[in-house]
Each structure stands twice: as structure tokens, then as C-alpha cells.
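Residue numbering restarts at 1 for every chain, and letters A, B, ... go by the order of the sequence lines.
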Number of protein chains: 2
Amino acid sequence: MSDRNITAARRTLGFLLRQPYERMQREVYGGLAARGFPDIRPAHSAVFRHIAAGGSRLTVLAEQAGMTKQSMAYLVEGLAEGGYLVTAPDPTDGRARLVKLTARGRRVWDALIALSAEAEARIAARVGPARLAELRAILEELAEP
Amino acid sequence: MSDRNITAARRTLGFLLRQPYERMQREVYGGLAARGFPDIRPAHSAVFRHIAAGGSRLTVLAEQAGMTKQSMAYLVEGLAEGGYLVTAPDPTDGRARLVKLTARGRRVWDALIALSAEAEARIAARVGPARLAELRAILEELAEP
DNA sequence: CGATATAGACAGATAACCTGTCTATATGTC
DNA sequence: GACATATAGACAGGTTATCTGTCTATATCG
């Protein structure tokens, strides 16, 4: 009734992908806020996802996340202010600085993984573990090259 | 090597959902630009997706899209400037205006549907139609309540 | 050593949202 | 019909997450 256009055209795959993605995002970042990290936002995952144990260069992080150095610098700056990261000069290159997680940052990373797993478990509870595994397999296949 | 963290934790479902979603988005809106609609951006789909044939009220569009009236007004304003929409007073309510697609707006809608179908067909070509149908079925199931 | 490339800082812009407030118009109640 | 309340949307202003362009300091290569 309200969505005459959509149902006539049926829902696009993009729309169908976005719904659970955004739902998971709300659940995960809501959970993070509830666990005492209210200033961690979805965009920050670009940092957490790629940062190496021994620290990473801004430029490398930006490249891995597929964004500009400036954008990454903005995200890193916010996280550093919140005490999730520290930066130190790179001893092997005077131009560079290494960005490293603090203990607090590592706790966020752990929480992020745990909350994602919980959200995924809720999906398994809804559609069954087999369907979830199928979904995962297809998405992994799509992610490949 | 670079993604030690991620592979250790394996890729989150959220991450796996986002990749094809963003890819489709790039393909669809890139295609739209190539077809002569370079000023249509992903956010505008919130308007196209919900607008009724006879015109819709701003407030209704905002509600259907899950955003504020102000945000919807911003999107509608841009589309009206581009000649994709017109607004007219609602004859049944002096406070309201009806937002309607122009012929140009309808061409965008058609292109949006066609380009989404093409993107989906490319996925079918990669993973096979059966896998795509499975993906769609699971996502539809997740979208339900 | 000098030319060129790279790391990241600084300045400024834009898109896509948000909250809060205000006016005009409707609507339901007495 | 008057008045209280609700609704439609405009106006002002803020934030987040990106971008481009430019600049300096440091490296590296020939």
C-alpha cells in the first residue's frame, strides 16, 4: 500500500543488504555505548579494523581503509583524544608517526568483536544457524577478489 | 599479514554485508551519473523509494524513510533544484505541500531499478543464480518484522 | 648534491544527517 | 464559534564523515 513503487519493482538487493547491516551497526555501537564507550562511532571501525599490534602509520591505515590521509587523521585524532590511541614518532622514518592502541583501545576492540558475535548469534537464533552459515558463505564468496 | 586482527577475529558479518552493499551503490550511482544524472546521490534513494505516484507529503516521506522532516526537506530541496521533483500545495490541507516526481524524476527511478537489476545480474554471474536466490531469500527473511 | 617522492599537518568545503524553535493551519471539545 | 491542542513544514544552527588543495619536513634515488 505505501510502497507501491517498491513492491512493483521488488526490493533491490542493495536495500536488502543495508537493512541488516544498519541493524547490526545500531546493536554493536549501542552495546559499546552501554559498556562505557559512548564516543566510539561506526566510522572508527576503519581504525580498529586495520591497526597493527605494533602500531600503524596514518598513511597505511588510510590506504587500507580506502580513505584519504586527512579523513583517517580526523578519526585518529578523535580516538586519541578519547584515550583509545597514542601516537609516537616512527624510529625508522622521521616523517612518520606510529598510531597504537592503548589498553582502553584494546578493550574497545575486544568489545567490538564480542558484540558483533552477539549480533550474529541473534541472527542465527532467528533464521537458524544453517541459514546464517549460508549467508556468511555467500558473502565471503562475494568479498573475494 | 596486514589484517592479522581481522583474520584472527574473522570478518564480522557487518563488514561482510557492507562490502557488496557499497559496491552495488558505487555501480548504481556511477551508472546514473553516466546516464546523465550526476547529481543523484545515494541518500536520494530515500525519496525515490517512498514517493507515491500522486505525490507525497514531506512528513510522510520522512517517516517512511526513518529520518527527520528537516533531513527529508534537505534531500527534497536538492532534487527539486535539479528538476527531479516539484512541490504543490495539498488541496486537502493548507499546511501541507505535495512532493511529486517530474518526468525527469521518473526517468531516474526507472534507471535506478534497471541499474540495480544489472548489478544484481553481475552478482548472479559471479556466484550463480541459485546462490543469489539464496542470498535474497535469507535477506528477505531477515527483513521481515 | 640535487631532484623527486612520501608522511602527515593545515585550511576549507560538502553531504547527510541531527535538535530546537517558530508560524500557519487543522481539528476536536465544550 | 472559541479555544486548546496537534500537525505540516520552515528557519537556524550544529555534528560527523568524508573530500580537495596546499604546505613543510624528511627520505631516497641517481
Side-chain angles (χ1 to χ4, degrees), chain A residues 18 21-22 25-26 29-30 32-33 37-52 55-82 84-100, chain B residues 18 21-22 25-26 29-30 32-33 37-52 55-82 84-100:
Chain A
R18 192 179 54 194
Y21 165 59
E22 286 184 351
Q25 199 161 271
R26 275 193 308 276
Y29 289 85
L32 225 39
F37 307 112
D39 47 353
I40 303 295
R41 298 183 304 265
H44 293 137
S45 71
V47 184
F48 287 104
R49 190 175 296 284
H50 297 293
I51 198 165
S56 297
R57 290 190 192 176
L58 191 61
T59 307
V60 172
L61 286 176
E63 196 191 315
Q64 290 175 332
M67 62 174 59
T68 60
K69 300 182 287 178
Q70 293 89 328
S71 299
M72 181 53 74
Y74 164 77
L75 295 173
V76 164
E77 189 194 348
L79 289 172
E81 272 167 18
Y84 300 99
L85 301 174
V86 283
T87 64
D90 183 340
T92 75
D93 189 332
R95 297 165 299 178
R97 301 184 66 76
L98 289 174
V99 180
K100 265 182 106 159
Chain B
R18 192 178 56 194
Y21 166 59
E22 286 183 351
Q25 198 160 269
R26 275 193 308 276
Y29 289 85
L32 225 38
F37 308 112
D39 48 353
I40 303 296
R41 297 183 303 265
H44 293 137
S45 71
V47 183
F48 287 104
R49 191 175 296 283
H50 297 292
I51 198 165
S56 297
R57 291 191 191 174
L58 190 62
T59 307
V60 172
L61 286 176
E63 195 191 315
Q64 291 174 331
M67 61 174 60
T68 60
K69 299 183 285 178
Q70 293 89 329
S71 299
M72 182 53 74
Y74 162 76
L75 295 174
V76 164
E77 190 194 347
L79 289 173
E81 273 167 18
Y84 300 99
L85 302 174
V86 282
T87 64
D90 183 340
T92 75
D93 189 333
R95 297 166 301 177
R97 302 183 65 76
L98 289 175
V99 180
K100 264 182 108 160

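- Side-chain nitrogen and oxygen atoms of Arg41(A) include at least one within less than 4.0 Å of the OP1 or OP2 phosphate oxygen of dA17(D).
- In this structure, Tyr21(B) and Tyr21(A) have tilted ring planes: the angle between them lies in the 30° to 60° band.
- The separation between Leu61(A) atom CG and dA7(C) atom P is 12 Å, rounded to whole Å.
- A donor and an acceptor atom sit less than 3.5 Å apart, one in the side chain of Gln70(A) and one in the base of dG21(D).
- Taking each heavy atom of Ala52(B) and Ser56(B) in turn, the nearest pair found is N-OG, 2.8 Å.
- Side-chain N/O atoms of Thr68(B) include one lying less than 4.0 angstrom from OP1 or OP2 on dC18(C).
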Given the rule in the side chain to side chain contact (heavy atoms under 4.5 Å, CB included) test, do Ile51(B) and Leu85(B) qualify, once you have shown the distances and angles that lead to the verdict? CA-CA 10 Å; Ile51(B) 198 165; Leu85(B) 302 174; 3.8 Å; yes

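- Here the C1' atom of nucleotide dC17(C) and the CD atom of Glu63(B) are 18 Å apart, to the nearest Å.
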Go through the steps to decide whether Leu98(B) and Arg57(B) satisfy the test side chain to side chain contact (heavy atoms under 4.5 Å, CB included), and finish with yes or no. CA-CA 5 Å; Leu98(B) 289 175; Arg57(B) 291 191 191 174; 3.9 Å; yes

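- One can place OH of Tyr74(A) at 5 Å from P of dA17(D), the figure rounded to the nearest angstrom.
- If you take CZ of Arg97(A) and C1' of dT24(D), they are 15 Å apart, rounded to a whole angstrom.
- To the nearest angstrom, C1' of dC17(C) lies 14 Å from CD of Glu77(B).
- Regarding Arg57(A), its CZ atom lies at a distance of 14 Å from the P atom of dT26(D), rounded to whole Å.
- Here the nucleotide nearest the side chain of Ala96(B), chosen from dA10(D), dA8(D), dC19(D), is dA8(D).
- Considering only side-chain N and O atoms, Ser71(A) lies nowhere under 4.0 angstrom from the phosphate OP1 or OP2 of dA17(D).
- Taken from CZ in Arg41(A) to CG in Leu32(A), the straight-line distance is 12.0 Å, to the nearest 0.5 Å.
- The two residues Ser45(A) and Tyr29(A) make their nearest non-hydrogen contact at CB-OH, 3.2 Å.
- Out of dC19(D), dC18(C), dA7(C), the shortest distance to the side chain of Met67(B) is found at dC18(C).
- Atom CE of Met72(B) is separated from atom P of dC17(C) by 9 Å (rounded to the nearest Å).
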Protein-nucleotides 27-30 of chain D N/O pairs closer than 3.5 Å?
unit_1	atom_1	unit_2	atom_2	d
dA27(D)	OP1	Gly94(A)	N	2.3
dA27(D)	O4'	Arg95(A)	NE	3.4

Evaluate side chain to side chain contact (heavy atoms under 4.5 Å, CB included) for Leu79(B) paired with Ile40(B), printing each intermediate quantity in order. CA-CA 8 Å; Leu79(B) 289 173; Ile40(B) 303 296; 3.6 Å; yes

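- For the pair Asp90(B) CG and dT7(D) P, the interatomic distance rounds to 16 Å; values are reported in whole Å.
- A close approach under 4.0 Å does not occur between any side-chain nitrogen or oxygen of Thr59(B) and OP1 or OP2 of dT7(D).
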